[in-house]
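Working notes, structure below.
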Amino acid sequence: MFGIQIDRLTMDETVDRVGELIDGGVPTQHCAVNAGKIVLMEDDEELRRIIGSCALVSADGQAVVWASHILGDPLPERVAGIDLFMRLLSLAERQGYSVYFLGARPEVVAEVVRRARLRHPSLRVAGWHDGYFTEADQPELLAEIAGVHPDILLVGMPSPRKEYWLAANLERTRATFAMGVGGSFDILAGVTTRAPYLLQRLGLEWAWRFAAEPRRLWRRYFVGNFRFLSITARQRRRGRL
C-alpha cells in the first residue's frame, strides 16, 4: 500500500512490538506515516526507501486508515504518534528503559523532560538536547548520545528531516529504538494544544491545526490532501486492473 509496508497493528500491539524490539537489542527506526508523508514520498524516492526500510511503520493519520479500507487492505486503527510517544514513556518507566529526548527549542525540550519526570517519577532520562544543532555540533552530539546508549531515542524534528537524520545517524547514536515524534514535544511542553478528543476520533485534528495557523498550513492541508486523494484513487484504479 502506497509502495511501503504499514504494520497492521493496534496501539496496544505496537507498544508490545516496541518492547520486543528493544529487548532484541538491534537498532531499530520507527516511522509514522500520514497523508502528508505519503505525498512527500511521491516526490522523494530516498524518503520512500528510508521509510520502507524501517522495521516498524505505523499509520499516524486517520486518512491513511480510511484509504486502506478503500484500497481493500484495511488497517485496524490509527496509531497516532503523540499517543504512541506517551505510551512509550509509560513503557519505559515500567520496564526500566532509558530515554533520550532530542529536538525542539532548548526551553521546550527541557520542559518536556520536566513534565515527563512529573508524570513518570521512575523514568530513566538518559539525557536531552535541543534540535538547533549545526553540522559542526553534530559529532559531539552523537558522541554524547552514544555515550549513554539509550534504549529509546525520541526525535522531535519536522519531516523529512527526522527521517533523514535517523537513517544517517541511528547506528552512531547507539540507541536501540528510535522514533520521530514531530511536534509532540511542543504539545507535551504546553506550547501548543491538541485538538479536542471528539475531533481526534473523527480524524479532524488537521482542521484544528489549520484553524490555529491558516496562513502557514493552507497549502499543506488543502493542496496536500487533494494530492493524497489523487494518489489513493490512482492506486485503487491499479488494483482493479
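Counting all heavy atoms, side chain and backbone alike, Cys31 lies closest to Cys54 at CB-SG, 3.9 Å. A pairwise comparison of heavy atoms in Asp130 and Arg105 identifies CB-C, 3.9 Å as the closest pair. The shortest non-hydrogen separation linking Val64 to Ala35 is CG2-N, 3.8 Å. Closest approach of Val65 to Leu75, counting heavy atoms only: CG1-O, 4.0 Å. Residues Asp151 and Gly96 approach most closely at OD2-O, 4.3 Å, considering heavy atoms. Contact detail for Pro27 and Leu170: the closest heavy-atom pair is C-CD2, 4.0 Å.
Hydrophobic clustering places Tyr97 together with Met86 (ILVMFWY residues linked when any side-chain heavy atoms are closer than 4.5 Å, directly or through intermediates). With hydrophobic clusters built from ILVMFWY side chains whose heavy atoms lie under 4.5 angstrom apart, Phe177 does not share a cluster with Ile50. Leu21 and Leu153 are not part of a single hydrophobic cluster, where members link through side-chain heavy atoms under 4.5 Å apart. Linking ILVMFWY side-chain heavy atoms closer than 4.5 Å, directly or via other members, places Leu141 and Trp128 in two distinct hydrophobic clusters. Phe101 and Leu188 fall within the same hydrophobic cluster, where Ile, Leu, Val, Met, Phe, Trp and Tyr residues are linked whenever their side-chain heavy atoms come under 4.5 Å apart, directly or through other members.
Here the NE2 atom belonging to His30 is positioned 6.5 Å from the OG1 atom belonging to Thr14, to the nearest 0.5 angstrom. For the atom pair Ile145 CD1 and Arg174 CZ, the distance stands at 12.0 Å (nearest 0.5 Å). For the atom pair CD1 of Ile4 and CG of Leu47, the computed distance is 9.0 Å after rounding to the nearest 0.5 Å. Atom CG of Asp73 and atom OG of Ser68 lie 7.0 Å apart (nearest 0.5 Å). Remark: Ile6 CD1 to Ile38 CD1 distance equals 5.0 Å, nearest 0.5 Å. Between the CZ atom in Arg227 and the CG atom in Leu40 there is a gap of 8.5 Å [rounded to 0.5 Å].
Using modelled atom types, no side-chain atom of Ser58 and backbone atom of Asp60 make a donor-acceptor pair closer than 3.5 Å. Panel note: side chain Thr28, backbone Val26; a donor-acceptor pair is recorded below 3.5 Å.
A salt bridge does not link Asp44 to Lys37: none of the charged side-chain nitrogens sits closer than 4.0 Å to a carboxylate oxygen. Salt bridge Glu45/Arg49: absent, no basic N to carboxylate O contact under 4.0 Å. Salt bridge status for Arg234 with Glu42: present, with a side-chain N to carboxylate O gap under 4.0 Å.
In this structure, Thr193 and Ile187 have side chains that are not in contact, with every pair of non-hydrogen atoms separated by 4.5 Å or more. No side-chain heavy atom of Lys162 sits less than 4.5 Å from a side-chain heavy atom of Val181. Proximity of Val99 to Val125: side-chain heavy atoms (C-beta onward) are nowhere separated by under 4.5 Å. In this structure, Phe185 and Phe85 have side chains that are in contact, with non-hydrogen atoms separated by less than 4.5 Å. Between Leu102 and Leu154, every side-chain heavy-atom pair lies at or beyond the 4.5 Å cut-off. Within the 4.5 Å cutoff, no side-chain heavy atoms of Phe133 are placed close to those of Glu140.
Within 6.0 Å of atom CZ in Arg119, 12 or fewer heavy atoms from other residues, nucleotides or ligands are found, so the atom counts as exposed in its surroundings.
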Can you list the steps and then say if Ile22 with Gln95 is a side chain to side chain contact (heavy atoms under 4.5 Å, CB included)? CA-CA 10 Å; Ile22 294 171; Gln95 297 297 115; over 6 Å; no

Apply the test salt bridge (Lys or Arg N to Asp or Glu O under 4.0 Å) to residues Arg17 and Glu13: give CA-CA distance (whole Å), side-chain angles for both, the deciding distance (0.1 Å), then the verdict. CA-CA 6 Å; Arg17 180 62 179 147; Glu13 290 168 341; over 6 Å; no

Please test Met179 against Ile152 for side chain to side chain contact (heavy atoms under 4.5 Å, CB included), starting from the C-alpha separation and ending with a verdict. CA-CA 8 Å; Met179 173 185 175; Ile152 299 175; 5.8 Å; no

Taking it one step at a time, do Val79 and Leu9 satisfy side chain to side chain contact (heavy atoms under 4.5 Å, CB included)? CA-CA 8 Å; Val79 180; Leu9 301 175; 5.7 Å; no

Please evaluate residues Arg194 and Asp83 with respect to the criterion salt bridge (Lys or Arg N to Asp or Glu O under 4.0 Å), reporting the C-alpha separation (whole Å), side-chain torsions for both, the decisive distance (0.1 Å), and the verdict. CA-CA 11 Å; Arg194 195 176 179 191; Asp83 294 328; 2.6 Å; yes

For side chain to side chain contact (heavy atoms under 4.5 Å, CB included), just list the numbers for Thr232 and Arg236, CA-CA rounded to whole Å, side-chain angles, deciding distance to a tenth of an Å, and then say yes or no. CA-CA 6 Å; Thr232 302; Arg236 181 171 171 80; 5.6 Å; no

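When only modelled atom types and interatomic distance are considered, Asn169 and Tyr164 share no side-chain donor-acceptor pair under 3.5 Å. Looking at Ser159 and Glu163, their side chains do bring a donor and an acceptor atom within 3.5 Å of each other.
Note on residues 86-103: pairs passing salt bridge (charged side-chain N to carboxylate O under 4.0 Å, His left out), not counting sequence neighbours, are Asp12-Arg87.
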